[in-house]
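Predicted, not measured: the structure shown is a model, and the values here were computed from it.
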Amino acid sequence: MTYMDNSLRSTSCAPRRSILATVAHALAVWRERRMLAQLDSSALEDMGISQRDAEAEARRPIWDAPNNWTR
C-alpha cells in the first residue's frame, strides 16, 4: 500500500478532460449554435429567446461556452 501525503494532492484543479472529449464538446457546441441560428422567430419566442440574443449566441466561437455546458 502506498501512502500519499495530503499536501501532494491538488484539490484546486478540476479534472482534465481528454482531447477527444474536448473536441467532442466543441463540436456539440458548434452544432447547437448552428441549429439555434436556423430557428425561426416563433420557435425562439416559444423558448423565450429574442432573435437578437439567438444571433449573438450563434456568432460566439466554439471555445466560448459557459462552464455549465460541460457534460
Side-chain angles (χ1 to χ4, degrees):
M1 176 187 257
T2 305
Y3 172 75
M4 182 178 207
D5 185 9
N6 283 339
S7 64
L8 298 177
R9 295 182 188 170
S10 176
T11 57
S12 63
C13 295
R16 298 179 84 170
R17 293 191 316 202
S18 71
I19 290 184
L20 183 59
T22 301
V23 170
H25 179 258
L27 288 173
V29 169
W30 176 76
R31 278 192 309 267
E32 291 169 6
R33 288 183 174 157
R34 186 179 62 176
M35 290 181 348
L36 180 66
Q38 295 173 354
L39 293 175
D40 63 2
S41 59
S42 65
L44 292 172
E45 185 178 324
D46 287 346
M47 294 187 300
I49 301 172
S50 71
Q51 185 73 36
R52 182 183 221 174
D53 289 342
E55 290 169 359
E57 183 65 33
R59 283 193 305 266
R60 290 173 66 181
I62 58 174
W63 58 84
D64 187 16
N67 288 334
N68 62 342
W69 284 18
T70 57
R71 299 171 193 201

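- Of all non-hydrogen atoms in Ala58 and Arg33, the two that sit nearest each other are CB-O, 3.6 Å.
- Grouped by direct or indirect side-chain proximity (heavy atoms under 4.5 Å, Ile/Leu/Val/Met/Phe/Trp/Tyr only), Ile62 sits with Trp30, Trp63.
- Here the straight-line distance linking atom CD of Gln51 with atom CG of Asp40 works out to 8.5 Å at 0.5 Å rounding.
- Summarising the geometry of Leu36 relative to Met47, their closest heavy-atom pair is CD1-CE, 4.4 Å, with the distance given to 0.1 Å.
- Distance check: Ile49 CD1 to Ser41 OG gives 12.5 Å after rounding to the nearest 0.5 Å.
- Arg60 has a carboxylate O that lies under 4.0 Å from a charged side-chain N of Glu57, or vice versa, which qualifies the two as a salt bridge.
- With sequence neighbours left out, Ser18 forms a side chain to side chain donor-acceptor pair (under 3.5 Å) with no residue at all.
- Summarising the local packing, CZ of Arg34 is surrounded by more than 12 heavy atoms from other residues, nucleotides or ligands at distances under 6.0 Å.
- Dense packing is recorded around CD of Glu55, with more than 12 heavy atoms of other residues, nucleotides or ligands lying under 6.0 Å away.
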